[in-house]
There are 2 protein chains.
Amino acid sequence: MTASPAPEPGPLRRSAGDRRAQLVQIGLELLPTTPVQELTIDEVARRAGISRSLLFHYFATKRDYYTAVTRAAADLLWEHLLPRPGTPPEVQVTGMLDRYVGWVETFRETHLAFVRGAAGGDPWVSEVYEETRTRLVDVALAALGLPDDALRRQLVLAWFAFTEDLVGQWTREPTTMTRDELLVLLRDVLDRLTTR
Amino acid sequence: MTASPAPEPGPLRRSAGDRRAQLVQIGLELLPTTPVQELTIDEVARRAGISRSLLFHYFATKRDYYTAVTRAAADLLWEHLLPRPGTPPEVQVTGMLDRYVGWVETFRETHLAFVRGAAGGDPWVSEVYEETRTRLVDVALAALGLPDDALRRQLVLAWFAFTEDLVGQWTREPTTMTRDELLVLLRDVLDRLTTR
DNA sequence: TAGCTTGTTGAGCACTGCTCAGCAAGCCGG
DNA sequence: CCGGCTTGCTGAGCAGTGCTCAACAAGCTA
């Protein structure tokens with residue numbers, strides 16, 4: 001009886017891929033309000049309508065889980081920043097900067113949670129973050145047409161820290177300058193740092 | 001019997017001030033190896049030779065405890081960086097920069113733990129960190145003889161992030177430039193940012 | 001000696017990460 | 001239709017950790 005194919009949110013039997021995706025998605029949704037490392041298995045399982053045990057079936061460890069969530073967040077950011085193929089190199093960096101500011105404006109809390117989680121000490125999470133930064137340096141140096149030496153990499157990475165901090169502050173208190181001024185300033189600092 | 005005044009590490013009865021200081025000191029010693037928030041009450045109590053309960057007598061909450069530890073670390077940094085009274089303003093910033101690099105060189109792990117803990121999401125810890133940054137901006141702007149407006153504060157704060165990141169990288173891989181080149185570069189970036 | 005203050009402890013509760021033995025839903029070969 | 005296999009899934013329960021509470025005990029003062 002009542003065998004109607006109702007779209008119940010109950011503990012349906014799902015394929016392994018679906019479940020993993022669902023669990024990671026829940027993690028992403030919780031990210032704005034909770035530091036990654038403080039996601040509780042209980043809460044995630046409850047939202048997914050499954051038992052704690054099942055979560056450990058898919059992620060052997062809590063760390064495995066929130067690392068996966070972090071990686072998903074990093075991938076989203078990466079895909080959003082990556083210049084569209086065919087873009088002339090000169091405007092690639094400007095475009096990425098523009099999209100980065102837009103990203104922070106739109107997903108302020110999620111992005112802060114991502115950065116915090118990365119800085120928060122856990123080596124596994126930091127690694128995901130560092131990996132993203134490394135890839136971004138690659139793209140940036142290539143787009144700028146600059147040689148890829150150790151010094152320049154250090155400077156560009158430090159410039160990322162500068163950018164992250166300044167954009168973060170500016171989104172909280174945007175009265176100090178216009179959005180365009182911010183973009184020009186960041187671009188200018190980067191140029192002066194890399195071409196000296 | 002055996003009433004000798006031996007300096008036993010046992011559970012001596014101490015004054016409230018002494019105990020607090022001892023517990024905070026233990027926290028500082030653990031800081032290089034452990035993110036602040038992951039200090040366990042058990043471990044600290046064990047090292048102090050006391051029961052868990054006593055720690056909660058002095059710090060109502062674990063958060064209270066590691067916030068105190070963080071504040072202690074921040075105070076140490078602050079005292080180390082603060083220009084000696086009587087120093088001419090022009091060399092104050094250079095001196096602070098020099099001492100900051102020295103600090104990171106000497107207490108690399110502790111300082112990283114401090115920064116990580118601050119970035120790690122906990123508002124209480126972040127507040128201590130932000131407070132220190134704010135005081136440093138005050139001193140820096142005063143020493144540079146520059147007006148104290150919102151834009152300049154944002155830029156100096158972002159420059160802190162730049163400096164932290166670059167110095168951190170440089171201490172890991174110091175072959176990219178000499179110590180002096182690093183200092184000159186940082187100072188140069190700061191000047192260009194604040195006097196535009 | 002009695003009594004007060006206060007440094008100190010052990011037992012124990014609640015929550016959370018994690019394990020394990022086993023249930024049950026779907027699919028296959030007979 | 002049945003037996004067996006795979007696999008998504010669960011409940012009970014253990015261990016560690018933050019935190020509470022009632023009570024002990026060391027030292028001071030009256």
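In what follows, chains carry the letters A, B, and so on, assigned in the order in which the sequence lines appear, proteins first and then strands, with residues in each chain numbered from 1. The model shown is predicted, which means the values in this text are computed figures rather than measured ones.
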Rounded interatomic separation in angstrom, taking NZ from B:Lys62 and P from C:dT16: 14 Å
Over all atoms of both residues, closest heavy-atom pair of B:Ala45 and B:Leu55: N-CD1, 4.2 Å
Exceeds 12 heavy-atom contacts within 6.0 angstrom, atom CZ of A:Arg187: yes
Sugar-phosphate, base or nothing in reach of B:Tyr65, heavy atoms under 4.0 Å: nothing
Whole-Å distance separating the CZ atom of B:Arg46 from the C1' atom of D:dG16: 14 Å
Touch class at under 4.0 angstrom, heavy-atom based, for A:Leu55 against every strand present: nothing
B:Tyr58, nearest nucleotide to its side chain (from D:dC9, C:dT16, C:dT8): C:dT8
Spacing of A:Leu39 atom CG relative to C:dC15 atom C1', expressed in whole Å: 16 Å
base_contact_polar (C:dG10 base, B:Ser53 side chain, donor-acceptor, <3.5 Å): yes
Residue B:Leu54, side-chain heavy atoms: nucleotide from C:dT8, D:dT10, C:dT19 that is nearest: C:dT8
Sugar-phosphate, base or nothing in reach of B:Ile41, heavy atoms under 4.0 Å: sugar-phosphate
Flag side-chain contact, heavy atom, 4.5 Å: B:Thr163 against A:Phe162: no
Candidate nucleotides C:dT16, C:dC18, D:dC19, ranked by approach to the side chain of A:Asp42 - the nearest: C:dT16
If you look only at distance, which donor and acceptor atoms sit under 3.5 Å apart when one is on a side chain in residues 85-93 of chain B and the other is two or more places apart or in another chain?
from    : atom 1 : to      : atom 2 : distance (Å)
B:Thr87 : OG1    : B:Arg84 : O      : 2.4
B:Gln92 : NE2    : B:Thr87 : O      : 2.9

Given C:dC18, D:dC9, D:dT10, the nucleotide with the shortest approach to the side chain of A:Arg19: D:dC9
Most 5' of A:Arg52 and A:His57 on DNA chain D, judged by nearest nucleotide: A:His57
Atom-to-atom span, CD of A:Glu38 to C1' of D:dG18 - whole angstrom: 14 Å
A:Arg152 with A:Asp149: basic N within carboxylate O range, under 4.0 Å: yes
Sugar-phosphate, base or nothing in reach of B:Ser51, heavy atoms under 4.0 Å: base
B:Glu43 CD to D:dG18 C1', straight-line distance once rounded to whole Å: 15 Å
Interatomic distance where CZ belongs to B:Arg20 and P belongs to C:dT8 [whole Å]: 13 Å
Touch class at under 4.0 angstrom, heavy-atom based, for B:Ser15 against every strand present: nothing
Between P of C:dG7 and CZ of B:Arg14, the distance in whole Å: 13 Å
Atom pair distance, as rounded to whole Å: CD1 in B:Ile50 and C1' in C:dG10: 14 Å
